Q: 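Okay, handing you the structure first.
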Amino acid sequence: MSESTQAQVAHGVHNAIAAYAHALDDGRTDDIVTLFCPDGVSEIMGVGTFEGHEAIRQVFAGMVPTQPQRHLVANTVITSWTEDEATVNSDLVFLQRGESGWAVLIAGRYEDTLRHDGASWLFRHRKITYVM
């Protein structure tokens, strides 16, 4: 794979990961759903495994924020890739603003498999695990 193709894969994957964090923090459930393949899977530690757009929509509709929050994603490493699929690991810190200011509520990791559908990169499988 050429360096140009590798850069395109990395750019598309990073954009999908950032778009997910923004949509989650803004409570835009439909935008979250569109970031998954139609048969995509969201596996959330302590919550469950949700397959397909309707199941993913239902779980994220119940997670719409009621106060300001931010999912900070860092240390993203693409562990393998082709022109059509990539596996990725990223660290996650979840902040929420309460009465006494911002607080770290969760630290964790995303383990992702994304697929290129010809137009954009979509999550085929997103697993979230927590370390605190």
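Given the structure is predicted, the values throughout are model-derived calculations rather than measurements. Both backbone and side-chain heavy atoms feed into the values below; hydrogens, waters and symmetry mates do not.
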Q: Are V59 and I106 connected into the same hydrophobic cluster when the rule is that any two of I, L, V, M, F, W, Y join if their side-chain heavy atoms are below 4.5 Å apart?
A: yes
Q: Which heavy atom in L114 sits nearest to a heavy atom in W121, and how many Å separate them?
A: O-CZ3, 3.7 Å
Q: Please round to the nearest 0.5 Å and tell me the distance separating atom NE2 of H11 and atom CD of Q6.
A: 15.5 Å
Q: Would D84 and R115 pass as an ion pair if we require N to O under 4.0 Å?
A: no
Q: Measure across D25 and R70 and return the closest heavy-atom pair with its distance rounded to 0.1 Å.
A: OD2-CA, 3.1 Å
Q: For the atom pair CD1 (I17) and OG1 (T76), what is the distance rounded to the nearest 0.5 Å?
A: 4.5 Å
Q: Does the side chain of R109 reach to within under 4.5 Å of the side chain of V131, using non-hydrogen atoms?
A: no
Q: Cluster question for you: counting only ILVMFWY and a side-chain heavy-atom cut-off of under 4.5 Å, with indirect links fine, are F36 and M63 together?
A: yes
Q: Of all the heavy-atom pairs spanning K127 and D112, show the shortest one and how long it is.
A: N-OD1, 4.3 Å
Q: Of the non-hydrogen atoms in E83 and V9, which two are nearest, and what is the gap between them?
A: CA-CG2, 4.4 Å
Q: Kindly give the heavy-atom pair with the smallest separation between Q69 and L24, and that separation in Å.
A: NE2-O, 3.4 Å
Q: Measuring from R126:CZ to Y110:OH, what's the distance to the nearest 0.5 Å?
A: 5.0 Å
Q: Given side chains that start at C-beta, do those of M45 and I128 come closer than 4.5 Å, heavy atoms only?
A: no
Q: Go through the steps for L92 and H71 under the test side-chain contact (heavy atoms from CB on, under 4.5 Å), then give the verdict.
A: CA-CA 7 Å; L92 157 73; H71 286 78; 3.6 Å; yes
Q: Kindly assign one of parallel, tilted or perpendicular to the pair Y20 and F123, based on the angle between their ring planes and the thresholds 30° and 60°.
A: perpendicular
Q: To check you understand the geometry: which heavy-atom pair defines the closest contact between V73 and A21, and what is its length?
A: CG2-CB, 4.4 Å
Q: Rounded to the nearest 0.5 Å, what's the gap from CD1 on I56 to CD1 on I32? Could you check?
A: 10.0 Å
Q: Do any pairs count as a side-chain hydrogen bond (donor to acceptor under 3.5 Å, both in side chains) and have a residue in residues 34-44, sequence neighbours left out, and if so which ones?
A: E43-H125
Q: Just verifying a value: how many Å separate I44 CD1 and F60 CZ, rounded to the nearest 0.5 Å?
A: 4.0 Å
Q: Kindly compute the distance separating CZ (F94) from CG (L105), expressed to the nearest 0.5 Å.
A: 5.5 Å
Q: Is there a path of hydrophobic side-chain contacts, each under 4.5 Å between heavy atoms of I/L/V/M/F/W/Y residues, joining L35 to W81?
A: yes
